[in-house]
Every structure is written in structure tokens, then in C-alpha cells.
**Student:** 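Submitted below is the structure of interest, expressed as C-alpha cells.
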Protein chains: 2
Amino acid sequence: MGKNLTSRSEDYSKWYNELVVKADLAENSAVRGCMVIKPYGYAIWEKMQAELDRMFKETGHQNAYFPLFVPKSLFEAEEKNAEGFAKECAVVTHYRLQNDPDNPGKLRVDPEAKLEEELVVRPTSEAIIWNTYKGWIQSYRDLPLLINQWANVVRWEMRTRLFLRTAEFLWQEGHTAHATRDEAIAEAEQMNDVYAEFAQNFMAIPVVKGLKTESERFAGADETYCIEALMQDGKALQAGTSHFLGQNFAKAFDVKFTSNEGKQEYVWATSWGVSTRLMGALIMTHSDDKGLVLPPNLAPNQVVIVPIFKTEEQFDEITNVVNGLIKSLRSKGVTVKYDKRDTLRPGAKFAQHELQGVPLRIAIGARDLENGTVELARRDTLSKETTAIAGIEDKVVGLLEEIQSSLYNRALEYKDTHTTKVDTFEEFKDVLETKGGFISAHWDGTIETEDKIKEITKATIRCVPLDADNEEGICVFSGNKSSKRVLFAKAY
Amino acid sequence: MGKNLTSRSEDYSKWYNELVVKADLAENSAVRGCMVIKPYGYAIWEKMQAELDRMFKETGHQNAYFPLFVPKSLFEAEEKNAEGFAKECAVVTHYRLQNDPDNPGKLRVDPEAKLEEELVVRPTSEAIIWNTYKGWIQSYRDLPLLINQWANVVRWEMRTRLFLRTAEFLWQEGHTAHATRDEAIAEAEQMNDVYAEFAQNFMAIPVVKGLKTESERFAGADETYCIEALMQDGKALQAGTSHFLGQNFAKAFDVKFTSNEGKQEYVWATSWGVSTRLMGALIMTHSDDKGLVLPPNLAPNQVVIVPIFKTEEQFDEITNVVNGLIKSLRSKGVTVKYDKRDTLRPGAKFAQHELQGVPLRIAIGARDLENGTVELARRDTLSKETTAIAGIEDKVVGLLEEIQSSLYNRALEYKDTHTTKVDTFEEFKDVLETKGGFISAHWDGTIETEDKIKEITKATIRCVPLDADNEEGICVFSGNKSSKRVLFAKAY
């Protein structure tokens, strides 16, 4: 199976598409632009969800659920937000099917069952949620309101790619309400930090924390924080965003509270989200020509054990040893799968587990039993060794940690060596074309320059890094003054 | 707060609606028939999800995710299923909004952006899933396929009630594929058993396991297993269903496999689901005029601790003791909340926690500190006692178990005393009117009789209990022969 995968150097995009399907992560469905997330892919997403959910709860958030549909009138209440999404919405106009008189045996939309007001399938939930918050918030005692939702959303994208851009995708969206501007900003920053920490500690992906420029900002936000990651092909991927919404939604939906001092004030807001797009980031950060490479902290199975036998008797003996091993590995918190299928040869199993990115593989045969050894193979380095069964549990635990940090370090090194400071536009274009990655350059702060650079090079400003030093300089394009470098890149 | 609740004897339906809103479980939204599940209600749903998900995985199922939309042509492929749902579907016909020339500043559906084929918002996912399974199943080696999905579904109900019947609701839907008829039937039965076990052990709700009659069966199923529960007002509630789908969907979507013997055969199928409707069952089984009563196994907070103090100093001393108590309770697996809000008096807190059904309340004041005691109150019996702090952890653990089983036993007794055998139609009508509950009666097995009884009494056949004895008898309505008693009731 693995050998059928197109290599990354041959065609990165094709490699990605093939990997997603062959590793059983997802596939296209009968519905334009909508994907099916297959069990193995979904198991990885569930691990992401579990960790993020834990982190959200640890920072004081609760989950809730709001309607899938947004009445058109609510949707248009926050003008900028509506403008930003109107072009890419699925709209429910009718609520019934009926037998089609022109096509016996077929159904048609019942024209009688037209909705008085069309319903937009949520592309994001600010409108419906802020319309609800109006009833929940009266006093400063009701604040802060710290809520998250796990949900599906729909954006009618014309060009879709599995995980990276799909018409329907799964995500979480946090929506919080605060009494003060400072508190809301602190919340937006905190959640961007949570995303960065998750990316680094679980996905093994180093990210740049930054602010979006005005033209890249979420429609309806005063400020958009983001985490940006760098993929193996030198393109950037926005992995999460956290918005400081100011009082925009509070004003659009008239959400006021009585302050501690008895005054009526508009509420301050944030929203923040990550989606199944993270699966794309995970794949494109670590995987190789053999298939998926998973960081142990997100692998559904951290270890797979493959028995190698000729006779039933050998199988029973091996299984006996394996059962003990599984038990002791599980007691150390390791997730293990025993692949005892009799429909596949060991070689085919090896290829499948490589393709699916299982971090460690243990193979055990009859001779191993005699010698008290197993073959232990690392997915990330594709290295193998023969090692004693005695004490292997600690070795496995240690290796899983090593793999986790090694993947991170490898990705960090890639990111660092692919972040290039440039001071001229020639250099800018040259680096972009030959090397890709993040380009750190001075920018004059105008939308015109940003647009022109995009037009000429297809690179966009990914973010103004939060840790950027103040540095006097000259815009790489216009020659005008600049006080900070920003990060440009071509992006997914 | 609690005192504002309408009593059950006054108006059960009003009591229910008020309780759901006042206990912060859910509320109606701006979208017709769609609810907002509030954080407290969602926390209970999350506990249900976690337990069910664990039980599904223990029985070998994996989660996956399929599209929200079903193309109309797929939807109508399985005729019976389509007929069953066509009348109550939301339909997406367009994919874009645009500025409305007739209403400046407003949006309208862009007539140019009409979909070639309308998309049905899934009312259930058999069609889209079986269309996908066609690509996943070739050989007996691919079977059984045991998949579950957690999702939102939409059924355009005209009369809705929070949790019980909403246009959008959350549920899980299992969809499995098998090589043989027997295996599929065993799966459908197993999952119905899982639901019954969950209802009994976690929700503290005794259920009757049974089979639906043909007219109450899921459209597209050969057999529908169900669990039926009895609410406090004598009405039944279908709490979960598990369908043996025969080869109906396999034939509709042409899903065949090569058997062990090399023959091409159609696949056998099941589907099974429970939804946020379970929240309604939970409320209407245990709650009282003071509000919600939660079984400890599903309570987001099993214990709440309320400090009673006059001075800051007293608060600090109490908090000091409480912190130790919380730690030791948590170490025993008890979920505890310390309600130290300074915006509410203890009495108001008590009322709120009663309304929200927290199983145990611990109140601790200055005099308690001196005496080494606390006041411990049970939500289910509304009884209080003063008890020593020393050793209270074990007492709490014991009480939580006692409450869990006591709620179950109380509900079981209600169900048993409200299941009445009748042998004449006069008696049938009389019991239905005066006492309600399940009526165990002989039925001649015809749809005509079933329909007429429904027409006259509004009672339907809830199920043919799986454990019903063979018993010769005479149909309570037609006088024709019958070999089994079935359960009738008015139902939600």
C-alpha cells in the first residue's frame, strides 16, 4: 500500500490527497465539498477534541449547544460579519418534499412549504449566540460568560480539499462575554495561547503567535489573534484564530449589562476556534513518503504488536507473551493494539501501520520467543532494533516521549531554517520561489501594499508576530517607513 | 426560584416546561422549534454521551462522521425510508445570499445560486451512510462494519417541546453492516440491551424492552427493537430504538460482498439511536415540585458545598476546612462544587441547587466548625441531618450509591404499579383515563384494531415486550384470538 503513495517531491498536493484517503483518514462524499471522516481519522480528531476540551474546561469554560440554523434577519444584524459570509452560505428555503407529479417515484421540493424567513446554515455562530446572550446577560454578576460549542458549520467553498477546506467541517467555537475591554482582550490572548500550547505539546507543531492585518482579520472583529504553522512544502497554514470582537456584536444585538456602579454598558466579546483543518496541519507537518507520521500524544494506537508465526502453536505461544506485554504497557498508560488478523501477512501489516503512522511497532516471532527479544521499529525514523522483552515497557514509554519531542524539534528546525529575513523585494520574490517558508520583511502598514504584494507574488501577510521587535526599517515593496517586520508566506 | 415552579398536580406539562427553563437546562431559540441547550443541561448530556460512548466502544464500535446534507436522489433511493421522512425535512435549495435590491442593507437569497440538486438536511443518515458503505465493503473481510456517529439531525416538527420534540436535536446513530442475518439481529438486540443497561444504571430509569408493531416501526426497518419508559404522569416515552434493517438499504444502495465461499451477497444492516430526548425522560422520571432530581451517576456536580458565614474571617476558616473536604471527596471520585458566590444568600443557593437537582448538599457554618459537623441534605428525599465531618467522605460515597438505587427503585415501583393487565375494552378505557400507565392487553395483531384503539383512546401499542409470555387470549377490542399481551399507553 505504502509503495503506491506518490512521493512528496513528485507532487506534494497529490501526495497529500492520496495519503488522506489511503491512510483511512477521510474521503470525499456524494455531497459536493463535504467529506466523510473515516473511523481512523475520526479517532485522531477525538483525541484532539479530548485534549482541547480539557484545556477549555481548565480555563473555566463550559460547553453548550446553539441551533444549526440562523434566521436571515439575525444573520444580517452584524453587517460586516454578514458581508463576510453571505457569499458562501447554504440556505434552507423550504421544509418539505413531496411526490413529484412530473417524475413518478421521485420527490421534489414542495413549493407550498416555503419558509417565511430563509434560514442560513451556520457558517459560524456569533449571530445566533449573541441573540441568545441578550437574554442571559443583565448584570455584571452574569459576566464573564465563558462558553464553548463543538459543532458542524457550513461554508460553501468552491474549491475544496479534504480537511483543509471543506463545505462542511467540524470545529469548536468559543464565545465569551466580558464586562471590560481589557478582560476580553486577555481572554482572546489566553485562548490563542491555549491553541499554541496544544499545537506544540500534542500536535508537535511549532507555531508563530501573531495578529492578523486588517484585511486578513475576521469580519466583525476588532483584532484577530492567530497561530500560524509552516508545512513541509513551505506554505503556511493558519491553525487557529482568536478574535477580540470589541462591542460589535453587543451593539448589533443590543446586549447591555448593569455595571458594578449601576451603569448600562455594552458587553465586550471574544470568539475563538479551531477545526478539522488541524488534521491537515498534522499530516503536512510530520508525514513522509511512506505515509502518516503521528505524534504519540495524538496517536489512537501508540504501539502496534504484530505476531510472526507459521503454526497455530507458535501463534498461541506468541499471543500468550503478547497478552502480558499489553497488560503491562496499558498499566503505564500506553495505548496498544494487537494486530492478530489472519487475513494479512506481516509485511502487509507493517506497510499499513507505516501508512497509518503508528509511532512504534513491535514484531514478535518464534525465534524472538526463544531469545526473549522483539523487533522494535520507530515510525518517525524508520529505524529498527532487536531488544529484550524484559523491561521493554519503560523503553517504550521513553521512546514515545522521545518521538514526541523529536517530531517537534524536527518541525521547529524546519520552521526556523525556513524563516528568512529579507530587505529587498527582489530577495523577497527569490526566497519565495526557491525556498518558500515564512518571509520576515518590513511592510508600510497599508492595504495597498499588502494587496500588490499578494497580486504579484501570491504571498499574504500571515501575521504580525506578537514577539516582533520594534525595528526601524523600510517597506520591502514601497520603500516607505516601517517599524516592525511581519511574516509573509504563501498559504493554505 | 423553586417556589415559582408550577406544581405537577396543577399542570404537568407546564411544570415540565418551566423546570427545563428555570433549571437552566435549555430554552427556545429564535429559530422555530430549535432549542439552545444551556451549559448545565449540556453538562448532563455530556455525561450521558461519555457513558454511552464508552459502552459503544466496549462493544467494538468506532466513531466516524458523515455529511450533514443528503442529496435528494440518495434520499429517495430507499423508498419507504424517504416516504417516512419526506414531509418533515429541511431542504437547502440555494447556496448564496446577496444584497437585496428592494431592501437596501438587507440580504436576500441569490436566485442565481440555485443548487442543481436540492440537499436534504439529514433527518437520519442511513442513505448517505449506505451510499458510502458501498465503497467500503467488498469482501467478508470488511465485515462486520461497526460504526457510530454523534451528530445533529433535523426533522421539521410542527409542534415542538424542549428536549422531547425539537426540529433540530442531538443524537448518536449507529450503523452496522454484517455478513449474516443472524449476526445483524444479534447486533440490533445487543444495542437495545446496551440502551436498557444505560437507562437503568445511569439514568435510574427502568425500561421495558420490546418490539414495535409494523405501524410503529422505523420506515425501512424489518424489525424495530425499543426501550420504553414510563413518565410520572402515566405517559410512556420511547427512550431508544435499535433497528434490524434486513437487506433493505444494501439493496437500495447496491452494497454486496464476496462471501467466504466466493458468492456475491447483499449485506445485512442495523441502525440504532438515542437522542437529547433522553433529557426529557430523565426529568420526567425523577423530578419533583421543587425542580430537577438527578441520579448521581449523571449529575455534573454530585455534591455542592455552601458556606454560611457573617464575617470574612469565618469565610476563610470555613473555606480552609472545605478545601480539605473537596480534596478528599475528589480522591474518592466524587464531583464537588464549592458555591462561594458572594452575590447570593445561602437560602437562595439552596433553592437553586434544589431546582438544579444536585444530589447532595453540604452546608457548613461557624457553629459547625466548632462542633466538627456539617448539615448534609439529600435532594431526592429532601431530608437533612447534622453529621460529623470526620469520615464524611465514606458517608457521601455511600449516600450517592443509595440515592442512585433509591431513585431507580422508586421509578421501578411506579412502573410496576402503573402496569395494569386488562381483559375488556371498558376496563382498558377506564384504566387509561383514571390511572394511565402501561396497559397490558391482548391484541389481535391487525393494524385496523391498532388504529381504531388509537382513534378512540389515543393510546398506541408501545411495544410487544420481549419477555412477554405466550398466553392464549382474546383481543380486548375485536374479540379475535391473540397469543400474547402487548403494552398500550398514551405516549410522548
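Treat the numbers as computed from the prediction; the structure is a model and nothing was measured. A note on names: the letters A, B, ... follow the listed sequences, proteins ahead of strands, and every chain is numbered from 1.
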**Student:** If you round to the nearest 0.5 Å, how far is CD1 of Ile37(B) from CD of Gln149(A)?
**Tutor:**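 Reported to 0.5 Å precision, the distance equals 9.5 Å.
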**Student:** Short question: side chain of Glu76(B), backbone of Leu107(A) - any donor-acceptor pair under 3.5 Å?
**Tutor:**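 A pair under 3.5 Å: yes.
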**Student:** Measure the CG-CD distance between Leu97(A) and Glu83(B) for me, rounded to the nearest 0.5 Å.
**Tutor:**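 So the gap between those two atoms works out to 12.0 Å.
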**Student:** Using non-hydrogen atoms only, which part of Leu119(A) is less than 4.5 Å away from chain B: side chain, backbone, both, or neither?
**Tutor:**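 Side chain only.
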**Student:** Output the distance between atom CZ (Phe69(B)) and atom CG (Asn152(A)), rounded to the nearest 0.5 Å.
**Tutor:**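 It comes to 8.5 Å.
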**Student:** I need the residue from His94(A), Met35(A), Arg108(A), Glu168(A) with the largest number of non-hydrogen atom pairs under 4.5 Å to chain B.
**Tutor:**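 Ranked by heavy-atom pairs under 4.5 Å with chain B, first place is Glu168(A).
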**Student:** Give a yes or no on this: more than 12 heavy atoms of other residues, nucleotides or ligands lie within 6.0 Å of atom CZ of Arg345(A).
**Tutor:**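 Atom CZ in Arg345(A) is not packed in, count stays at 12 or less.
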**Student:** Looking at Gln98(B), Glu79(B), Lys87(B), Gln62(B), which has the largest count of heavy-atom pairs under 4.5 Å with chain A?
**Tutor:**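 Option with the top pair count is Lys87(B).
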**Student:** Examine whether an atom of Leu170(B) lies under 4.5 Å from a heavy atom of chain A, and if so say whether it belongs to the side chain, the backbone or both; otherwise answer neither.
**Tutor:**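 It is the side chain, since no backbone atom gets that close.
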**Student:** What option among Ile129(B), Thr166(B), Asn63(B), Val70(B) has the most heavy-atom pairs under 4.5 Å with chain A?
**Tutor:**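 Answer, by heavy-atom pair count under 4.5 Å with chain A: Asn63(B).
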**Student:** Can you tell me which portion of Leu74(B) sits under 4.5 Å from chain A's heavy atoms? Options are side chain, backbone, both or neither.
**Tutor:**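 Contact with chain A involves the side chain of Leu74(B) alone.
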**Student:** Which bit of Trp45(A) comes within less than 4.5 Å of chain B, counting heavy atoms only: side chain, backbone, both or neither?
**Tutor:**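 The answer is neither part of Trp45(A).
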**Student:** Tell me, side chain or backbone of Glu88(B) under 4.5 Å from chain A's heavy atoms, or both, or neither?
**Tutor:**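 Contact with chain A: backbone only.
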**Student:** Checking side-chain contact (heavy atoms from CB on, under 4.5 Å) for the pair Glu27(B)/Trp136(A): CA distance, chi angles, key distance, verdict?
**Tutor:** CA-CA 11 Å; Glu27(B) 65 183 34; Trp136(A) 293 4; 3.0 Å; yes
**Student:** Please tell me if the side chains of Leu68(A) and Cys34(B) come closer than 4.5 Å, counting only heavy atoms from C-beta onward.
**Tutor:**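 Counting from C-beta outward, Leu68(A) and Cys34(B) never come under 4.5 Å.
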**Student:** Please state whether the side chain, the backbone, both or neither of Phe85(A) comes within less than 4.5 Å of a heavy atom of chain B.
**Tutor:**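 Contact with chain B involves no heavy atom of Phe85(A) at all.
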**Student:** Any chance CD of Glu112(A) has more than 12 other-residue heavy atoms, nucleotides or ligands included, within less than 6.0 Å?
**Tutor:**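 At most 12 heavy atoms, drawn from other residues, nucleotides or ligands, come within 6.0 Å of this atom.
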**Student:** Indicate yes or no: does Lys57(B) engage Glu46(A) in a salt bridge with an N to O separation below 4.0 Å.
**Tutor:**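 Salt bridge: yes.
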**Student:** Among Leu115(A), Val109(A), Val92(A), which residue meets the side chain to side chain contact (heavy atoms under 4.5 Å, CB included) test with Val91(B)?
**Tutor:**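 One option only clears the test, and that one is Val109(A).
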**Student:** Which heavy atom of Ala30(B) sits nearest a heavy atom of Pro71(A), and at what distance?
**Tutor:**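 Here Ala30(B) and Pro71(A) meet closest at O-CG, 3.9 Å.
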**Student:** Does any heavy atom of chain B fall under 4.5 Å from the side chain of Asp53(A), the backbone, both, or neither of them?
**Tutor:**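 The side chain, not the backbone.
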**Student:** In Å, rounded to the nearest 0.5 Å, how long is the span from CZ of Phe66(A) to OH of Tyr42(B)?
**Tutor:**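 Those atoms lie 11.0 Å apart.
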**Student:** Side chain, backbone, both or neither: which part of Glu118(A) has a non-hydrogen atom closer than 4.5 Å to chain B?
**Tutor:**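 It is the side chain, since no backbone atom gets that close.
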**Student:** If you round to the nearest 0.5 Å, how far is NZ of Lys72(A) from NZ of Lys106(B)?
**Tutor:**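 Answer for the NZ-NZ pair, Lys106(B) versus Lys72(A), is 7.5 Å.
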**Student:** Considering only heavy atoms, which portion of Lys38(A) lies under 4.5 Å from any heavy atom of chain B: side chain, backbone, both, or neither?
**Tutor:**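 Interface part for Lys38(A): both.
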**Student:** Drop me the distance from Thr343(B)'s OG1 to Arg141(A)'s CZ, to the nearest 0.5 angstrom.
**Tutor:**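 So the OG1 of Thr343(B) and the CZ of Arg141(A) are separated by 6.0 Å.
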**Student:** Out of Ala43(B), Ala90(B), Cys89(B), return the one with the most heavy atom pairs under 4.5 angstrom to chain A.
**Tutor:**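 So the answer, after comparing Ala43(B), Ala90(B), Cys89(B), is Cys89(B).
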